[in-house]
Protein chains: 2
Amino acid sequence: MDNLNDELRDCSVFLLGKAYQRAHGEFKKLLEPFGLTNLQHLVIEALVHEPGLTAGELGRILILDKATLSGVIQRLEESGWLEKRADGDDGRVQRLYPLEKSVEIAAEMATARKSFDRRFLSGLTPGERSTFKRLLKELIW
Amino acid sequence: MDNLNDELRDCSVFLLGKAYQRAHGEFKKLLEPFGLTNLQHLVIEALVHEPGLTAGELGRILILDKATLSGVIQRLEESGWLEKRADGDDGRVQRLYPLEKSVEIAAEMATARKSFDRRFLSGLTPGERSTFKRLLKELIW
DNA sequence: GCCATAAAGTTCGTATACTAACTTTATGGA
DNA sequence: TCCATAAAGTTAGTATACGAACTTTATGGC
């Protein structure tokens, strides 16, 4: 039991999962007024930054499976956040464009995200914060 | 685009999610021979450590919603990993006990988990590893 | 002893996430 | 040109995750 708790506290998969769970749970609340989930907001931000991205390109940027993205994009299309248009050259490709309501809130969401990030890491010193992000990046890429 | 990638690489929620995604994905493969998922293996380990835990206690240890655990426990019961027994004192409570096949593989799984952890963090120096886990713990608890 | 309240689990609905199988469209080689 | 192969998306199936509503059982105040 104590033994077990010690093992959990030394297990990277567990620690990463729970830290993500906590960050995600709090960020979720912040996004609620916008009517978007975390992943949906990332897709919208990406499309506002670069309209016309394909699902495949989005997947590479957001490090996500095409099957997962397929559903996310479908829901965002149904609720009027984005639009699919056929690519002129390649019949397999659908290019994705943000609709007005996406463009309108993108900047505000980006601000909220950055402010959340500072708040979430406020218990760490500036040096710890940059170390933390550096180590995460080394593990991802 | 570059702008966007920079923002993603500075967003804790994104970095934590992707680091977890990577760790989880690799650990999943390691657990495949056992026929258990990451979460299922944590439940089994906990029950072998402390037979008779309730779903509520498990939820506090593993930091998990009772609704999520309900499903996980159900599947583990159906596939013969654990057993529910009514608590003698409290009619609301079901105590959970590991079955033989759980007890048999628990030690081997724990070894595999620790070995995976070392491998996953092998790109970091010993100092970085301990800093990394310390910072994650500060963000969780 | 009775009732309001709380606690333990279950169920439902929604959204990730991934694998595998499939459809449609492109492309390259013979 | 024709065909094998590959690439882009979709769909189905499984397993997390969580909030909300609900059932069943305990408990505390009176």
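Each chain gets a letter, A, B and so on, in the order its sequence line appears, and its residues count up from 1. Remember, it's a predicted structure, so these values are computed and weren't measured experimentally.
- Contact annotation: Arg92(B) does not reach the phosphate of dT23(D) (side-chain N/O to OP1 or OP2, under 4.0 Å).
- One finds no side-chain N or O of Tyr20(A) lying less than 4.0 angstrom from the OP1 or OP2 phosphate oxygen of dT16(C).
- Backbone-only contact: Leu64(B) has heavy atoms under 4.0 Å from sugar-phosphate atoms and none from a base.
- Between the NE2 atom of His41(A) and the P atom of dA15(C) there is a distance of 17 Å, rounded to whole Å.
- Placement of Leu62(B) and Leu31(B) within a single hydrophobic cluster is found when ILVMFWY residues are connected by side-chain heavy-atom separations under 4.5 Å, directly or transitively.
- In terms of phosphate contacts, Gln74(B) brings no side-chain nitrogen or oxygen within less than 4.0 Å of OP1 or OP2 of dG9(C).
- Closest contact between the side chain of Lys84(A) and the listed nucleotides dA15(D), dT10(D), dT11(D) involves dT10(D).
- Residue Phe27(A) contributes atom CZ, which lies 17 Å from atom P of dA15(C) at whole-angstrom precision.
- The aromatic rings of His41(A) and Phe27(A) sit perpendicular to each other, their planes meeting at more than 60°, with 30° as the lower class boundary.
- Distance, Asp90(B) CG to dA7(C) P: 12 Å, rounded to whole Å.
- Atom CZ in Arg85(B) sits roughly 21 Å away from atom P in dA8(C) (whole-Å rounding).
- For the pair Leu69(A)/Val43(A), a side-chain contact is recorded, criterion being any heavy-atom separation below 4.5 Å from C-beta on.
- Looking at Lys28(B) and Glu32(B), no side-chain N of the basic residue comes within less than 4.0 Å of a carboxylate O on the acidic one, giving no salt bridge.
- The side chain of Ser70(B) contributes an N or O atom lying less than 4.0 Å from OP1 or OP2 of dT10(C).
- To the nearest angstrom, P of dA15(D) lies 12 Å from NE2 of His24(B).
- Mapped onto DNA chain D by nearest heavy atom, Ala55(A) and Val72(B) fall at different nucleotides, with Ala55(A) at the one closer to the 5' end.
- Put simply, the side chain of Arg22(B) does not reach to within 4.5 Å of the side chain of Ile63(A), judged on heavy atoms.
- Gln94(A) has no side-chain polar atom (N or O) that falls below the 4.0 Å cut-off from OP1 or OP2 of dT10(D).
- Take the nearest nucleotide of DNA chain D for Gln21(A) and for Lys66(A): the residue whose nucleotide is more 5' is Lys66(A).
- Here dA8(C) presents its P atom at 13 Å from CD1 of Ile73(B), a figure rounded to the nearest Å.
- Within the nucleic acid shown, Ala67(B) comes within 4.0 Å of at least one base atom, counting heavy atoms only.
- Judged by closest nucleotide on DNA chain C, Thr37(A) is the one of Thr37(A) and Asp89(A) placed further toward the 5' end.
- Remark: C1' of dA7(D) and CD of Glu57(A) are 13 Å apart, rounded to the nearest angstrom.
- We find that CG of Leu96(B) is positioned 11 Å from C1' of dG9(C), with the value rounded to whole Å.
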